[in-house]
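A short worksheet on the structure shown next.
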Amino acid sequence: MSGKIYLFFDEIQEVRDWEKCINSFRVELDCDIYITGSNAKLFSGELATYLAGRYVEFVIYPFSFSEFIELYHSVYSVFNLYFKQNCAYEDCFRGK
């Protein structure tokens with residue numbers, strides 16, 4: 001493979017010895033690796049040990065209820081506008 005490779009792993013803490021696999025990718029490939037998960041183990045100081053200090057941590061919190069409602073209304077408005085401009089309401093849901 002040539003060029004930069006982007007690898008994404010979600011909930012990788014469920015895989016035994018995952019850190020060995022990730023470290024081998026870092027050595028063998030020109031890559032950026034993104035690891036996501038919800039396990040507290042990933043958020044602990046152990047992550048620095050597993051990845052030999054070569055990481056940047058971003059903590060992303062879930063939406064508050066008001067943020068969810070704001071997003072929901074924005075998405076709903078976009079879809080509603082699309083349907084009004086591109087087809088009759090009944091036709092969109094009948095597959096025409």
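What you see below is based on every heavy atom in this structure, not just the backbone, and it leaves out hydrogens, waters and symmetry mates. Because the structure is a prediction, the values reported are computed rather than measured.
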Inset, instruction - Could you give me the CA-CA distance, side-chain angles and deciding distance for D17 and K20, then say whether side chain to side chain contact (heavy atoms under 4.5 Å, CB included) is met? - result: CA-CA 6 Å; D17 296 329; K20 292 177 185 175; 4.1 Å; yes
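- Judged as a side-chain contact (heavy atoms from CB on, under 4.5 Å), and not counting sequence neighbours, the contacts of S64 are S66, E67.
- In this structure D32 satisfies the side-chain contact (heavy atoms from CB on, under 4.5 Å) test together with K4, Y6, Y34, sequence neighbours excluded.
- Within the 4.5 Å cutoff, side-chain heavy atoms of F25 are placed close to those of I33.
- A continuous path of ILVMFWY side-chain contacts below 4.5 Å connects F65 to F63, so both sit in one hydrophobic cluster.
- One finds the OG atom of S24 at 11.0 Å from the CD atom of E19 (value rounded to the nearest 0.5 Å).
- If you take CD1 on I5 and CD on E28, they are separated by 10.5 Å, rounding to the nearest 0.5 Å.
- Contact annotation: the side chain of I22 approaches that of I12 to within less than 4.5 Å [non-hydrogen atoms, C-beta and beyond].
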